[in-house]
Novice: 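Quick one: this structure, given as structure tokens, is what I'll be asking you about.
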Amino acid sequence: MSKNAEDLVALIRGKAGAEPVKLGLILGSGLGHLADTVDGVAIPYTDLPGFPHAGVSGHNPNLVVGMLEGVRVAVFGGRAHYYEQGNSAAMRLPLEVLKGLGGDTVIATNAAGSMRMDMPTGSIMSLSDHINFSGLNPLIGEPSDARFVPMKDAYDPDLRARLRAAAEATGTEMYDGVYAWYSGPSFETPAEIRAIHMLGADAVGMSTVPEVILARFLGLRAAAISTITNMAAGMSDEAISHEHTKAMAPIGAGKLEKVLRATLRGLASTK
Ligand code: HPA
């Protein structure tokens with residue numbers, strides 16, 4: 001663990017208590033509200049030296065450590081994206097801190113565009129796999145052999161099964177699909193969407209993939225869920241914009257919250 005991460009772990013334990021955290025949750029656009037429901041301590045990113053200044057509107061840049069549905073969690077209310085500073089490893093420090101706090105699991109959430117006509121705006125999708133369409137990698141420059149991270153089953157089968165069971169138990173429709181990472185911040189062109197779809201992706205977004213690569217590098221179990229905020233470029237007459245993403249995120253966010261809460265309850269009961 002880096003010295004920076006060690007110092008942050010000590011600082012966070014001082015504020016939120018030393019009891020180990022089990023799971024980290026990274027909240028995407030329009031999903032920040034879940035952080036407010038954690039019974040614990042909220043620490044603004046600005047009080048955590050080295051934490052990214054998650055400057056994207058619609059995010060909630062606090063780390064909240066506490067209990068959610070019987071599980072001790074660290075909720076990252078905002079994430080840093082590659083497109084902010086050109087740093088695809090921007091979430092490395094937060095993930096190192098999660099591990100340092102005792103976490104062994106991370107669930108990332110995001111807003112995404114759908115490339116499947118049968119997966120409309122307002123749907124949620126559990127990631128079965130991803131395509132790193134950006135070609136960027138957060139481990140470039142990492143000197144250790146640990147950089148050669150296997151990415152088969154990067155989205156942990158047991159965790160995905162738990163998400164699926166939680167969706168079923170709560171009567172929530174949840175799709176499974178492949179997410180493609182596009183660097184952003186501009187949205188994709190219709191030609192790019194046609195290309196990405198042909199390559200096998202079901203949804204497209206500007207995050208999550210670097211975090212899952214880093215999570216696997218750190219030995220954390222990972223899963224991710226998208227909320228579909230729009231049909232991808234050229235697939236409908238819907239105008240795509242960040243405003244639209246923020247306006248539409250709450251539709252899927254309700255479903256996402258149900259599934260996450262039920263998944264946590266399941267984890268709490270099978271520790
Ligand atoms: N493309 C990329 N990122 C997104 C989209 C999209 O259509 N919707 C929400 N985030």
Side-chain angles (χ1 to χ4, degrees), residues 25-34 52 54-61 76-88 90-91 107-136 138 155 174-213 224-257:
L25 269 180
I26 301 175
L27 302 182
S29 293
L31 303 170
H33 129 89
L34 195 59
V56 183
S57 64
H59 286 245
N60 175 358
F76 299 89
R79 61 151 59 83
H81 304 79
Y82 167 75
Y83 62 72
E84 291 171 65
Q85 304 290 337
N87 177 13
S88 59
M91 288 302 284
I107 301 179
T109 65
N110 61 53
S114 170
M115 282 172 279
R116 272 171 49 185
M117 292 313 281
D118 68 341
M119 185 166 70
T121 299
S123 306
I124 59 171
M125 183 187 95
S126 166
L127 274 64
S128 55
D129 203 346
H130 74 223
I131 295 174
N132 185 351
F133 191 69
S134 75
L136 301 159
Y155 297 82
M174 182 175 76
Y175 295 77
D176 263 305
V178 174
Y179 173 95
W181 176 31
Y182 185 81
S183 78
S186 60
F187 284 99
E188 305 75 29
T189 64
E192 285 164 342
I193 291 301
R194 286 194 297 275
I196 301 170
H197 187 44
M198 255 188 264
L199 292 176
D202 301 296
V204 60
M206 303 178 191
S207 68
T208 302
V209 167
E211 294 144 31
V212 169
I213 294 172
I225 306 183
S226 294
T227 56
I228 301 301
T229 53
N230 56 278
M231 297 308 290
M235 297 207 43
S236 82
D237 295 335
E238 211 175 12
I240 299 175
S241 69
H242 188 54
E243 286 312 310
H244 185 78
T245 297
K246 285 190 291 184
M248 292 301 166
I251 303 178
K255 298 178 192 170
L256 180 57
E257 186 170 335

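Counting starts at 1 for both ligands and their atoms, in listed order. Side chains are part of it too, since the values below use all heavy atoms of this structure and drop only hydrogens, waters and symmetry mates. Just so you know, these numbers come straight off a predicted model, no measurement behind them.
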Novice: Tell me which protein heavy atom sits closest to atom 5 (C) of ligand 1, plus the residue, atom name and distance to 0.1 Å.
Specialist: Gly113 N, 3.5 Å
Novice: Using a 4.0 Å heavy-atom threshold (strictly under), name the region of Ala112 that reaches ligand 1: side chain, backbone, both or neither.
Specialist: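 For Ala112, only backbone atoms sit under 4.0 Å from ligand 1.
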Novice: Kindly compute the distance separating CD1 (Ile240) from CD (Glu188), expressed to the nearest 0.5 Å.
Specialist: 7.0 Å
Novice: Looking only at non-hydrogen atoms, find the nearest pair between Ala203 and Ile228 and report the distance.
Specialist: CB-CD1, 4.2 Å
Novice: If you have a sec, work out which protein heavy atom is nearest atom 3 (N) of ligand 1 and how many Å separate them, to one decimal?
Specialist: Gly205 CA, 3.4 Å
Novice: At a non-hydrogen distance cut-off of under 4.0 Å, which region of Asn110 contacts ligand 1 (side chain, backbone, both, or neither)?
Specialist: neither
Novice: Only heavy atoms of Asn230, strictly under 4.0 Å: list the atoms of ligand 1 that pass.
Specialist: 5 (C), 6 (C), 7 (O), 8 (N), 9 (C)
Novice: Considering non-hydrogen atoms only, spot the tightest contact between Asp202 and Gly177 and give its length.
Specialist: OD2-CA, 3.2 Å
Novice: Look at ligand 1 and say whether Phe187 reaches it with a heavy atom at a distance under 4.0 Å.
Specialist: yes
Novice: Check whether Ser114 reaches the backbone of Asn230 with its side chain - one donor and one acceptor, N or O, closer than 3.5 Å.
Specialist: no
Novice: Using atom types as modelled and distance alone, determine if a side-chain donor or acceptor of Tyr82 lies under 3.5 Å from a backbone N or O of Gly184.
Specialist: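 A pair under 3.5 Å: no.
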Novice: Looking at Trp181, Tyr155, Tyr179, which hits side chain to side chain donor-acceptor pair (under 3.5 Å) with His130?
Specialist: Tyr155
Novice: Need the ligand 1 atom indices (1-based, order shown) with element for anything under 4.0 Å from a heavy-atom of Ala111.
Specialist: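 So the answer, numbered in order with elements, is 9 (C), 10 (N).
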Novice: What is the closest protein heavy atom to atom 1 (N) of ligand 1, and at what distance does it sit?
Specialist: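 Among all protein heavy atoms, the one nearest atom 1 (N) of ligand 1 is Glu188 OE1, 2.9 Å.
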Novice: Using a 4.0 Å heavy-atom cut-off, which part of Thr229 comes near ligand 1: side chain, backbone, both, or neither?
Specialist: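 Under 4.0 Å from ligand 1, Thr229 contributes side-chain atoms alone.
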